[in-house]
Structures are given as C-alpha cells and as structure tokens.
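Everything quoted here is computed from the prediction, not taken from an experiment. Numbers here simply count residues along the sequence, with the first being 1. Both counts, for ligands and for their atoms, begin at 1 and track the order of listing.
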Amino acid sequence: MSLKSKFIGALIGSAIGDALGAPLEGNSMEEVNSVYGEDWKMISGRYTDDTEMMIGVAESLIENRGFNGADMAAKFIQNYHARRGYGPGTKEALRRIREGESWEEASGKLFGGKGSYGNGAAMRIAPVGIFYYDNADKLREIAYKSSHVTHSHELGKEGAALQAFSIALAVQGTEKEAMLHDLKEFVKNVIYKEKLRKIEALLAKEADKKAIISELGNGEEAFNSVPTAIYSFLRFDSFKDAVVYAISLGGDADTIGAMTGAISGAYYGEGAIPEEWEEKLEEGKKGRSYIKWLAEELYRVKFYNV
Ligand SMILES: [Mg+2]
C-alpha cells in the first residue's frame with residue numbers, strides 16, 4: 001500500500017473517528033449502544049475541536065516545512081470556532097496567546113501552574129505522526145513542542161508523543177505483534193509504561209468493555225484515552241471495527257474515536273475507510289477535500305521538499 005494512502009488515511013481517519021463519536025461525547029457505554037445499535041451510520045458528519053486543531057497542526061507544518069510554535073498557535077486561533085466544543089484549558093491557553101503571551105509561556109500557567117494533562121494535544125497529533133514517521137527522536141521533540149502550545153504537563157505531552165509514535169509505526173507497517181514492544185521502548189513515563197503492560201494483558205484475554213474502561217479508561221486525561229485508542233486499533237483487523245469499538249466505549253468518544261481512526265487509517269490506508277463514512281464527513285471550506293489535500297501536501301513537502 002502506498003505511503004500517500006497512509007498519510008491520507010491518518011488524517012481522514014482521524015476526522016471520521018471524531019465525527020462518528022461527536023454526537024456521543026460524554027455518554028456512557030450503555031447509552032452509545034442504544035444510539036448506534038448494530039448499524040453505525042454516521043449521524044451528522046460534523047467534526048469537533050479535535051479535527052479543527054488537527055487541521056491547524058497540518059497547515060502549520062506545511063507552511064513552515066516543519067514546526068513553528070508561534071505560527072501553530074496562530075493557526076489554532078485563526079481556525080477556532082467555539083461551537084466545535086473546545087475544552088476549558090485549551091480555550092484559556094489560546095485566549096492568553098491571543099492577548100499577547102508567548103506560546104512558550106501561556107499553557108504553563110494553567111491548572112495552578114501544572115499545565116494540562118488532557119488529551120487535547122494527542123487528539124490533534126496525526127500530522128506529526130505521519131510527517132515524522134521515520135524519525136522517532138524528531139517525532140518526540142515535535143510532539144512535545146506542539147503539545148506545549150496548550151498542554152504543558154508531562155503526561156499531556158507524553159500522551160501526544162505516544163499517539164504520534166503509534167501512528168508512525170502504523171505508517172511504517174510494523175506488525176501489530178511488534179508494535180507494543182516498540183511502543184514500550186519508546187515511552188518514557190511510568191504511567192504509560194504500565195498502561196502498555198495492561199494493553200498486552202487485556203489483548204491476551206479478550207477482555208470485555210467494562211474491563212477496558214476500568215483498566216485503560218475512556219476519559220479526557222491523555223493517559224485514560226491514548227492507551228484505549230491503541231488497544232482498540234490492536235484488537236481488531238479493520239478500520240471500521242476498531243473505530244466502532246473505540247466509540248462504543250462511550251466517555252470521550254469523539255477523541256478516542258479520532259485517535260483510533262488516525263492510527264487505523266495510517267495502518268490500513270484510505271481505501272480501508274468505509275466510503276459512506278467518508279462521504280458523510282462534512283465538506284466546505286475546511287472539510288473532507290481540504291483535509292485530504294493537507295495530507296497530500298504533507299506528503300509532498302516531506303518527499304519532494306517543494
Ligand atoms: Mg472534540
């Protein structure tokens with residue numbers, strides 16, 4: 001499968017997971033299953049803050065041929081629409097930057113000076129995962145820096161780096177069996193190391209959804225959602241099954257859907273994404289065609305440097 005198809009799959013997959021999960025954000029596992037039932041037709045196709053910010057990350061990487069923190073923050077601010085459902089920490093960080101604070105300093109002032117460990121940096125990281133898929137050190141550096149614009153807590157940054165590296169391994173076509181090993185080698189924080197061990201144990205026994213939610217989580221903290229997305233990807237053999245499963249866990253469904261969609265799209269390529277979902281994904285100025293174009297641009301900048 002072509003690398004370009006994987007690049008497109010990662011970004012479109014992320015947006016589709018977001019849009020599929022969006023109507024269900026904050027619902028319990030039981031409620032989700034009563035809305036979607038067996039069918040899983042996409043309800044609205046509208047994406048949320050996850051995708052709006054992912055678009056900003058991609059735009060900035062393309063325009064700057066790499067990372068530029070001030071510009072990435074500016075892109076987030078330009079693209080911002082409150083109705084997309086931003087979290088309070090991100091809103092506050094972007095407000096501070098808009099009012100003149102530097103992108104290096106704004107996010108560190110949140111949550112009593114500890115910074116956010118929410119999943120808001122991991123949810124938008126797909127462009128970093130594909131653009132730096134062949135360089136783990138650079139990927140980690142840029143994942144941390146791009147997180148820092150809004151999420152400066154170590155756990156928020158590490159979650160973004162882990163999600164980005166999962167996407168990178170998926171682009172490389174790493175065998176699923178080898179992936180957990182590579183992720184364990186990559187991750188530095190002990191909380192994530194423990195989660196990866198749990199993923200391995202849970203995969204070995206085909207655990208039920210309640211166990212996944214209690215062991216891996218379905219919440220807004222990066223460490224309670226990134227591992228859940230990785231698990232959802234590893235457990236199933238198709239884009240559709242992985243994303244449906246991730247969202248069916250409820251909780252922060254749009255973000256866990258987006259992260260699972262990004263890894264799965266990068267692994268299986270655009271062709272594996274159900275057409276009816278892609279067609280239902282919103283169009284317009286920064287809709288599905290634009291997202292696809294961003295993936296093609298990232299590919300072009302990376303490999304042709306023009
Ligand atoms: Mg969202």
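For the pair Lys302 and Phe131, the cation-pi criterion (under 6.0 Å, within 45° of the ring axis) is fulfilled. By the 6.0 Å and 45° rule, Arg140 does not stack over the aromatic ring of Phe165.
At least one donor-acceptor pair closer than 3.5 Å links the side chain of Asn64 to the backbone N or O of Ser60.
Not a single N, O or S atom of Asp18, from either the backbone or the side chain, sits less than 2.8 Å from the Mg ion (ligand 1). The nearest N, O or S atom of Thr48 is closer to the Mg ion (ligand 1) than 2.8 Å.
There is no side-chain donor-acceptor pair under 3.5 Å between Ser152 and Lys157.
Here Asp49 contributes OD1 and Asp50 contributes OD1, and at the Mg ion (ligand 1) these two atoms make an angle of 80°, given to 10°.
Within Asp254, the N/O/S atom positioned nearest the Mg ion (ligand 1) carries the name OD2.
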